Structure formats: structure tokens, C-alpha cells
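Whatever order the structure lists them in is the order used to number ligands and atoms, beginning at 1. In this text the structure is predicted, and so the values were computed from the model without any measurement.
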Amino acid sequence: MTTTDPDLTTLDFQVTKNLAAKSPAEREQLLADPGFGSVFTDHMVDVCWSEKGGWHRPRVQPYGPISLDPAAAVLHYAQEVFEGMKAYRHADGSVHTFRPEQNARRFNRSAKRLSMPELPEGVFIQALRELIAVDEAWVPSGEDQTLYLRPFMFAKEAFLGVRPAKKYGFYVIGSPAGAYFTGGVKPVSIWLSETYARASEGGTGSAKTGGNYASSLLPQSEAYDKDCDQVVFLDAHGNVEELGGMNIVFVKKDGTLVTPASDTILDGVTRNSLLQLAEDRGHSIERRPISLNEWREGIASGDIVEVFACGTAAVVTPIGTLKAAGFTDEQPIGSLALSLREELTDIQYGRREDRHNWLYELS
Ligand SMILES: Cc1ncc(COP(=O)(O)O)c(C=O)c1O
């Protein structure tokens, strides 16, 4: 097998239907205005890993609480990784997800960094299919609506010693999500965190692990206190990293797109896809460190004409204001971010040709 061949490993899932599943009427009511992250489908995927048995006991079962020993390692040492992706309902009723192998690979990179077992890519993707097979009706069909998919894995072993656990659970849950922006995409204001760092060189910044998000909550609260929507982090050298949950891209006057290249940030699937679409249109792409000074000077001189954030949840968000303790810089609003957003979402919802074969049909 070469590294580009898809991994075809699968497991034999046992499916237990939820006898208390929501009625079609209850489900439709919830899907009318699902918001984000608080409504869940009727089932979940649950697979165990142990040192002796490897991945075993693959199940789809009714959505519900997970029973944990109070000494479970995740509760003490935060051995946990997750992913975030979406299922899209197309006009013909079919359901697709977007570049799932990228999420599967990132999941394994995160797992490796957290000393956790890797999950075969084939099983990661199979788990999404297994969930959709029973909860397909939960994929909404309204404009900009999706079923948000959350694969995650954590250390279940009851042991208080500090070492990699010997037992893990892998789960997938689904949560219908409404349009991120109601009434159209709006530019966001961002707060520059000068007190707190998100990650450090050699740390876990490029892994999707809960601890990174826990440590971003205080700076995010500071952003809210300063009337900003999001927080942006710098590295130890004054280079821009990313927002609490999104990557950042700068558009220059000559059409070049610049984005931070660093081991301390999450390598976003949305960002890579948008940059590919921009490259297809003839834009040059630079992945390199970009300092706060270069950003501010670029705005002042007119060399930077647009700044946007991107990630699975909001897709693309123009940045309208950068605020810090000592300054407020208004950012120019251009048209590239929104036009790339439209092209990407058209592909995701099956309204435009998927020339890179990014879509994966789940049902
Ligand atoms: C910290 C962080 N950066 C960037 C992203 C964007 O990654 P993706 O485009 O794969 O969703 C996310 C997740 O959405 C994130 O949590």
C-alpha cells in the first residue's frame, strides 16, 4: 500500500437501535432551528481499544451517557483527541461529507502526539457511515444547515500513574447545526491576546486535543470583555498563529494569499481547501511566518487588502477589526473571502462540480 492509497480496514459493527428515538415530528421540530452543538441524534458510535485486544467491540448504540471510573486517566491527565466535520444534504437527498481522510489523518497525528493508539483511516470513515446509516434522517436539508460530526477518543483506563493509558474509547456523535451566520456572513472583530499563549514550540498546538481549547477559554472571555467576537494568538516571536478555533489568511494587493506556517497551529482542512481553490484561480500562496508588525504595516500601507478566518464551523469569516490593549485597526473588507466561501460551500452542497474529488458519499 502506498501512502496515497485509501486504507480499507473495516470492523464488524453491532447495531442496537434506540427504542426511545425521537419521533419524526419531534425530530423535525428540533431540525427547524438546531443552533449549534446542543441537539444530538439518536445514536452514537462506540469502539474500544485495549493493549491486548487492539480495536474491538465496535458498536452503534443509543445516544446516551458514558459510564466512567472516577480514576479514568482522561479526567486527570487530559488524554483526549477529537475531530470536527460535517455531513451535507444534497438536493437529490444524498448525504456527503468533505475530505474525511484528511480528518482521519489529522486524528491520528493528534493521537500520536498524545501517546494514544491510532485508528485505521478505514474504520474512522466507516464509523461515520455507520452513524449515518441509522441517523440519516437527522441530516437537515435547510439552507446552510449540516449535521456536525464529532469523532473523539479518550483514555478510559482507571489508573492514576502518569503514563499512556492502556484502554481507550473511540466515539462519534452527530449534532444538527443551523446556519452559522443568520442574515448573511458578517465581519468579526478579534482581540489580540498579548497576555496568554495558545501553544508553544514542541507543545500540542497542532493536535486537536481538548487541553488547547481549555487554555483558550480565558483569553476568549477576555475578548468578549473587550467587545470582540474572537481571539487571535501570537507565538513567542511575535508571529501570528491562529484564532481560538479558526485559521487565518491574509490577502495581499497583488493577489497573493499568505497564511502562517507553524507547528504550533492546527492544519485546517478548510484552509487547505480554500487555498487550493485560490491557487486554481491563479493566486500565489505563501505559507510562512507572518508577524504582527507585517500585518499592521500591510494594513496601514494598503499592501494587505483583506484578512479572513476559516474553519469547519463558520467556513469563512472576514475579519473586520483587530483590537489590542493599545490600538484598534479596522481591516479592509474585500470580495475574495466571500467568493471562495461560495465556491467551497457550492462544492460541499453538490451545487458545483467537485473537481478535486473532495466529497465522500455517506448515504
Ligand atoms: C484551533 C483551530 N484552528 C483551526 C481550525 C480549522 O480547522 P478545520 O478547517 O479543519 O475545521 C479549527 C477547527 O475548526 C480549530 O479548532
Carboxylate-amine/guanidinium contact Arg288 Glu294, below 4.0 Å: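 A salt bridge is present here (some side-chain N lies under 4.0 Å from a carboxylate O).
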
Check Lys22 with Glu28, please: is the shortest side-chain N to carboxylate O separation under 4.0 Å?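 Between Lys22 and Glu28 there is no salt bridge, as every charged N stays at least 4.0 Å from the carboxylate O atoms.
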
Does the cation-pi check pass for Arg89 over Tyr349, that is, NZ or CZ under 6.0 Å from the six-membered ring centre and within 45° of its axis?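 Checked: cation-pi criterion not met.
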
List every atom of ligand 1 that sits less than 4.0 Å from any heavy atom of Asn247, numbering the atoms from 1 in the order shown and giving each element.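 Contacts of ligand 1 toward Asn247, numbered from 1: 4 (C), 6 (C).
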
Numbering as shown, the atoms of ligand 1 that approach Arg106 to under 4.0 Å (heavy-atom distance):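 Once the distances to Arg106 are compared, the set is 7 (O), 8 (P), 10 (O).
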
Of the protein's non-hydrogen atoms, which lies at the shortest distance from [atom], and what is that distance?
{"atom": "atom 11 (O) of ligand 1", "value": "Thr312 OG1, 2.5 Å"}
{"atom": "atom 9 (O) of ligand 1", "value": "Thr270 OG1, 2.6 Å"}
{"atom": "atom 7 (O) of ligand 1", "value": "Gly268 CA, 3.4 Å"}
{"atom": "atom 14 (O) of ligand 1", "value": "Gly245 O, 3.4 Å"}
{"atom": "atom 13 (C) of ligand 1", "value": "Lys208 NZ, 3.3 Å"}
{"atom": "atom 16 (O) of ligand 1", "value": "Tyr213 OH, 2.5 Å"}
{"atom": "atom 3 (N) of ligand 1", "value": "Glu242 OE1, 2.6 Å"}

Can you tell me if CD on Gln29 sees more than 12 non-hydrogen neighbours from other groups inside 6.0 Å?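 No, CD of Gln29 has 12 or fewer neighbouring heavy atoms, counting only those of other groups under 6.0 Å.
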
NZ (Lys86) with more than 12 external heavy atoms under 6.0 Å: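 Yes.
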
At a 4.0 Å cut-off, with the gap strictly under it, does some heavy atom of [X] reach an atom of ligand 1?
{"X": "Gln102", "answer": "no"}
{"X": "Ser216", "answer": "no"}
{"X": "Met85", "answer": "no"}

Any N or O of [X] closer than 3.5 Å to N or O of ligand 1:
{"X": "Arg198", "value": "no"}
{"X": "Val269", "value": "yes"}
{"X": "Asn103", "value": "no"}
{"X": "Asp267", "value": "no"}

Distance from Glu330 atom CD to Ile319 atom CD1, nearest 0.5 Å?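 Here the interatomic distance stands at 12.5 Å.
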
Between CG on residue Leu340 and CG on residue Leu277, distance to nearest 0.5 Å: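 That separation rounds to 6.5 Å.
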
Hey, which of Phe124, Tyr171, Phe170, Tyr213 is the one that makes ring pair (Phe, Tyr, Trp, His ring centres under 6.0 Å) with Phe82?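 By the ring pair (Phe, Tyr, Trp, His ring centres under 6.0 Å) criterion, Phe82 pairs with just one of Phe124, Tyr171, Phe170, Tyr213: Tyr213.
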
Before giving the answer on side chain to side chain donor-acceptor pair (under 3.5 Å), spell out for His90 and Gln348 the whole-Å C-alpha distance, their side-chain angles and the decisive distance to 0.1 Å. CA-CA 9 Å; His90 287 193; Gln348 290 168 331; over 6 Å; no

Should the proximity of Met246 to ligand 1, defined as any heavy atom under 4.0 Å, be assigned to the side chain, the backbone, both, or neither?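 Within the 4.0 Å criterion, Met246 contacts ligand 1 through backbone atoms alone.
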
Could you label the plane-to-plane angle of the Phe36 and Tyr148 rings as parallel, tilted or perpendicular, counting under 30° as parallel and over 60° as perpendicular?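 If you compare the ring of Phe36 with that of Tyr148, the planes turn out perpendicular.
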
Could you walk me through whether Trp55 and Glu118 pass the side chain to side chain donor-acceptor pair (under 3.5 Å) check? CA-CA 10 Å; Trp55 291 107; Glu118 293 179 37; over 6 Å; no

